[in-house]
A.B. asks: 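Structure incoming, see below.
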Amino acid sequence: MNKWIDFDDLWGAFWPEPNVLERYFLAPPGKEWFYSGGNDGARLWIEGLDGTEHLPAHRGRIDADLLMWGNPDLGVLLIYSKWGRGYRETYSSKGDLSRLGEVVRSLHDTPLPVGLFIQFAMAWSAVKEFIETDGELPKSIEWVANRDLPPNTFPDP
């Protein structure tokens, strides 16, 4: 399997030990995450799940990723996707769904649904589990399937 990271100043074909990322989630209030360089998004991804690492992309290989956006007031929005060989699953972290109609803008001006943000500590448990299970959907938090979200939950920028 090929593992990739794009998280703060960590970028490349590797995943760090979980303790390297822990400080971004479990820091004192107001010190969580990173907002350096005008970025508040991050990604972990893995290519070749379930013994498909020898196959090319879109030709039988199964891949997964975990997208993350941090917000100092709201916590973290997580989006998990798994695709290939008949899979196409996308799930978002389940926050306060009564706030789905509200949006907050990322540092890149992307509108993000407030109702899908979860606390930093909860997000950390999911990120750590994603790493430890080699890209499986974390069971430590609640998720909502994106297909079950109301239309325009993710409005166009």
Side-chain angles (χ1 to χ4, degrees), residues 2-47 49 57 63-84 88-157:
N2 295 312
K3 299 175 182 181
W4 297 84
I5 188 169
D6 182 358
F7 195 109
D8 194 19
D9 60 354
L10 301 170
W11 191 91
F14 70 97
W15 281 357
E17 290 298 317
N19 64 331
V20 172
L21 299 180
E22 182 177 37
R23 69 183 173 98
Y24 293 97
F25 297 88
L26 301 182
K31 303 286 186 191
E32 307 96 344
W33 207 242
F34 61 91
Y35 305 101
S36 58
N39 196 10
D40 55 0
R43 180 180 180 210
L44 290 167
W45 69 102
I46 186 167
E47 301 170 339
L49 293 172
D63 300 336
D65 66 12
L66 187 64
L67 304 174
M68 300 163 262
W69 286 269
N71 179 284
D73 300 318
L74 299 171
V76 182
L77 165 61
L78 301 174
I79 300 177
Y80 172 89
S81 296
K82 184 176 179 181
W83 64 93
R88 186 59 194 165
E89 304 172 351
T90 303
Y91 296 92
S92 293
S93 48
K94 186 175 180 181
D96 179 357
L97 297 185
S98 70
R99 298 185 69 187
L100 277 181
E102 300 174 48
V103 297
V104 64
R105 297 272 175 177
S106 74
L107 292 177
H108 285 95
D109 205 33
T110 303
L112 302 169
V114 169
L116 298 177
F117 279 81
I118 60 175
Q119 297 172 358
F120 284 100
M122 292 173 62
W124 169 241
S125 67
V127 170
K128 185 175 183 240
E129 186 177 346
F130 181 82
I131 292 170
E132 291 172 346
T133 63
D134 286 334
E136 292 302 319
L137 178 68
K139 295 176 172 57
S140 56
I141 66 166
E142 289 187 71
W143 298 91
V144 58
N146 281 25
R147 69 180 172 275
D148 295 335
L149 292 169
N152 297 319
T153 297
F154 290 92
D156 291 330

A.B. asks: Kindly write out the residues that satisfy side chain to side chain donor-acceptor pair (under 3.5 Å) with Lys82, not counting sequence neighbours, or none if the list is empty.
C.D. replies: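 Here no residue qualifies.
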A.B. asks: For the rings on Trp45 and Phe130, is their centre-to-centre separation under 6.0 Å?
C.D. replies: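 No: the rings miss the under 6.0 Å criterion.
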A.B. asks: Go through Trp33 and Met68 one step at a time and tell me if the side-chain contact (heavy atoms from CB on, under 4.5 Å) criterion holds.
C.D. replies: CA-CA 10 Å; Trp33 207 242; Met68 300 163 262; 3.6 Å; yes
A.B. asks: Please report the C-alpha distance between Asn71 and Asp73 in whole Å, then the side-chain angles of each, then the deciding distance to 0.1 Å, and finally whether the side-chain contact (heavy atoms from CB on, under 4.5 Å) criterion is met.
C.D. replies: CA-CA 6 Å; Asn71 179 284; Asp73 300 318; 3.5 Å; yes
A.B. asks: Among all residues two or more places apart in sequence or in another chain, which pass the side-chain contact (heavy atoms from CB on, under 4.5 Å) test with Glu142?
C.D. replies: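 Glu142 satisfies side-chain contact (heavy atoms from CB on, under 4.5 Å) with Lys94 once adjacent residues are dropped.
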A.B. asks: Does the pair Leu78 and Leu67 meet the rule for a side-chain contact (heavy atoms from CB on, under 4.5 Å), with working shown?
C.D. replies: CA-CA 6 Å; Leu78 301 174; Leu67 304 174; over 6 Å; no
A.B. asks: Tell me every residue that passes side chain to side chain donor-acceptor pair (under 3.5 Å) with Tyr80, counting only those two or more places apart in sequence or in another chain.
C.D. replies: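 Testing Tyr80 for side chain to side chain donor-acceptor pair (under 3.5 Å), a comparison that skips the adjacent residues, returns none.
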A.B. asks: Closest approach of Leu10 and Pro16, non-hydrogen atoms and distance?
C.D. replies: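 Closest heavy-atom pair between Leu10 and Pro16: CD1-CG, 4.3 Å.
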A.B. asks: Once you round to the nearest 0.5 Å, how far does CG of Leu44 lie from CG of Leu21?
C.D. replies: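 Result: 6.5 Å between the selected atoms.
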A.B. asks: Looking at Leu100, is its backbone amide N or carbonyl O close enough to the side chain of Glu102 to form a donor-acceptor pair, meaning the two atoms are under 3.5 Å apart?
C.D. replies: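 It does not hold such a pair.
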A.B. asks: Please confirm whether Trp4 and Phe14 have ring centers closer than 6.0 angstrom.
C.D. replies: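 When the ring centroids of Trp4 and Phe14 are compared, they turn out to be at least 6.0 Å apart.
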A.B. asks: Please report whether the ring centroid of Phe7 lies less than 6.0 Å from that of Phe34.
C.D. replies: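 Centroid distance Phe34-Phe7: below 6.0 Å, so yes.
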A.B. asks: Roughly how far, to the nearest 0.5 Å, is the CZ atom of Phe25 from the CE atom of Met122?
C.D. replies: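 Spacing of CE (Met122) from CZ (Phe25) equals 13.0 Å.
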A.B. asks: Would you call Val76 and Trp69 a side-chain contact if the rule is heavy atoms closer than 4.5 Å?
C.D. replies: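 SC-SC contact between Val76 and Trp69 ruled out.
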A.B. asks: Hey, can you pull the donor-acceptor pairs under 3.5 Å for the side chains in residues 143-155, sequence neighbours left out?
C.D. replies:
unit_1	atom_1	unit_2	atom_2	d
Trp143	NE1	Pro138	O	2.7
Asn146	OD1	Ser92	N	3.2
Asn146	OD1	Ser92	OG	2.7
Thr153	OG1	Pro150	O	2.6

A.B. asks: Quick one: which residue pairs count as a side-chain hydrogen bond (donor to acceptor under 3.5 Å, both in side chains) with a foot in residues 113-138, not counting sequence neighbours?
C.D. replies: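 Qualifying pairs, neighbours excluded: Lys3-Asp134, Ser125-Ser140, Lys128-Glu132, Glu129-Ser140.
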A.B. asks: Rounded to the nearest 0.5 Å, how far apart are CG of Leu112 and CG of Leu74?
C.D. replies: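 Output value for this atom pair is 9.5 Å.
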A.B. asks: Determine whether a donor-acceptor pair (N or O, by modelled atom type, separation under 3.5 Å) exists between the side chain of Thr90 and the backbone of Ser81.
C.D. replies: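 No, because the side chain of Thr90 does not come within donor-acceptor range (under 3.5 Å) of the backbone of Ser81.
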A.B. asks: Which salt bridge (charged side-chain N to carboxylate O under 4.0 Å, His left out) pairs, counting each pair once, include a residue from residues 11-22, with sequence neighbours left out?
C.D. replies: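 Of all non-adjacent pairs touching residues 11-22, none passes salt bridge (charged side-chain N to carboxylate O under 4.0 Å, His left out).
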A.B. asks: Looking only at heavy atoms, which two atoms of Ser98 and Asp96 are closest? And how far apart?
C.D. replies: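 Smallest heavy-atom distance, with atoms named: OG-OD1, 2.5 Å.
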A.B. asks: Of all the heavy-atom pairs spanning Gly135 and Ala64, show the shortest one and how long it is.
C.D. replies: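 Heavy atoms only, the tightest pair is O-CB, 3.7 Å.
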A.B. asks: Asp40 side chain to Leu107 main-chain N or O, any donor-acceptor pair under 3.5 Å?
C.D. replies: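 Here the side-chain-to-backbone pair exists.
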A.B. asks: State plainly whether the residues Arg43 and Asp6 are in salt-bridge range, i.e. N to O under 4.0 Å.
C.D. replies: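 Salt bridge between Arg43 and Asp6, a charged N being under 4.0 Å from a carboxylate O: no.
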A.B. asks: Could you check whether any side-chain heavy atom of Trp83 comes within less than 4.5 Å of a side-chain heavy atom of Asp65, counting everything from C-beta outward?
C.D. replies: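 Trp83 reaches Asp65 side chain to side chain.
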A.B. asks: Just do the side-chain contact (heavy atoms from CB on, under 4.5 Å) check on Ile46 and Asn2 with the steps written out, would you?
C.D. replies: CA-CA 6 Å; Ile46 186 167; Asn2 295 312; over 6 Å; no
A.B. asks: Write down the atom of Pro29, the atom of Glu32, and the distance for their closest heavy-atom approach.
C.D. replies: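 Answer, listing the atom of Pro29 first, then Glu32: CA-OE2, 3.4 Å.
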A.B. asks: Do the non-hydrogen side-chain atoms of Val127 and Leu66 ever get within less than 4.5 Å of each other?
C.D. replies: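 They are in side-chain contact.
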